[in-house]
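The analysis underlying the following values was restricted to heavy atoms, covering all of them including side chains, and did not include hydrogens, waters or symmetry mates. Order of the sequence lines fixes the chain letters, A, B, ..., with proteins taken first and strands second; residue numbering starts at 1 for each chain. Keep in mind it's a predicted model, so treat the numbers as computed, not measured.
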Protein chains: 2
Amino acid sequence: MLGAKLKELREMNGYVQRQIAAELEVDTAYISKVENDEKPLSKSHLKKLSKIYKISERELLTIWLTDKIKELVKNEPTAKESILLALSEMK
Amino acid sequence: MLGAKLKELREMNGYVQRQIAAELEVDTAYISKVENDEKPLSKSHLKKLSKIYKISERELLTIWLTDKIKELVKNEPTAKESILLALSEMK
DNA sequence: CCTACTTTTGACCTTTGTTGTACAAGTTTT
DNA sequence: AAAACTTGTACAACAAAGGTCAAAAGTAGG
């Protein structure tokens with residue numbers, strides 16, 4: 001989900017992976033993996049990416065965090081209950 | 001939250017920490033810390049605890065996972081949005 | 001108030017898991 | 001064929017998990 005979004009954003013803004021990799025000073029392989037959800041995106045890159053892709057950092061963070069939550073509860077039989085419970089306890 | 005629940009369950013069932021520690025084959029200090037949320041409870045202990053405390057394993061797992069979620073989103077400005085988004089994507 | 005028991009605290013330790021990264025080679029796209 | 005992307009493997013660094021031990025501190029009963 002985050003990967004797909006990042007890819008979409010990149011293409012919308014007319015970049016190739018190499019350019020993004022250069023901006024973030026990482027390997028293009030890393031970008032590829034992130035876009036394919038094979039590696040998590042380092043939180044430290046959110047700010048720069050939000051600038052490059054002209055999206056609010058907050059929106060990107062929301063998606064990023066959502067991914068983390070989904071990863072955490074994946075395969076847990078009580079995923080839904082737990083999320084609902086967490087939510088109700090945070091109000 | 002999990003810690004408080006565990007303590008409540010233990011007391012309801014009339015045990016002291018030493019007894020629980022013995023059952024789980026760990027140090028009492030560990031039990032103390034878990035009950036005070038200073039250390040996470042290892043998932044591997046859930047089954048035994050649910051038996052000792054006569055609560056369904058599923059219910060204990062729900063609470064345990066809820067704790068993990070809360071820990072994950074703690075201090076994140078987008079916590080609520082992200083949880084809601086995760087939930088909606090899991091339906 | 002003593003003392004025996006329970007619980008907490010703090011420092012420490014080892015193992016395991018994750019992250020972030022790199023490089024090379026392969027595949028796909030243009 | 002060149003450029004872009006993907007994939008496999010490896011690895012060091014670091015953080016977190018899952019404890020232990022000894023000592024301190026709380027708590028009841030006699």
Atom-pair distance ([atom1] on [X]; [atom2] on [N]), nearest Å:
X     : N      : atom1 : atom2 : value
A:D37 : D:dT7  : CG    : P     : 12 Å
B:E11 : D:dA28 : CD    : P     : 11 Å
B:L72 : D:dA15 : CG    : P     : 18 Å

Going by an N to O cut-off under 4.0 Å, is there a salt bridge joining [X] and [Y]?
X     : Y     : answer
B:E23 : B:K48 : no
B:K74 : B:E71 : yes
A:E57 : A:K51 : no
A:E76 : B:R58 : no

Degree of bending in the helix from C:dC1-D:dG30 to C:dT30-D:dA1 once both end axes are built from five pairs, to 10°:
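Computed angle between terminal axes is 40°.
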Checklist entry - What are the two closest non-hydrogen atoms of A:P40 and A:K68, and how far apart are they? => result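 So the two residues come closest at CB-NZ, 3.8 Å.
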Could you see if B:L85 belongs to whatever hydrophobic cluster contains B:I83? Use Ile, Leu, Val, Met, Phe, Trp, Tyr and a side-chain cutoff under 4.5 Å.
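Looking at the clustering, B:I83 is in a separate group from B:L85.
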* Could you state the interatomic distance from CG (B:L24) to OH (B:Y30), rounded to the nearest 0.5 Å? ->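 It is 8.0 Å, given to the nearest 0.5 Å.
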Per-nt protein contacts along nucleotides 8-22 of chain C (heavy atom under 4.0 Å; B base, S backbone sugar-phosphate only, - none) come out as BBBB-------SBBB
* Return yes if some donor-acceptor pair links the side-chain N/O of A:T78 with the main-chain N/O of A:E81 below 3.5 Å, else return no. =>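 Flag not set: sc A:T78 to bb A:E81 has no pair under 3.5 Å.
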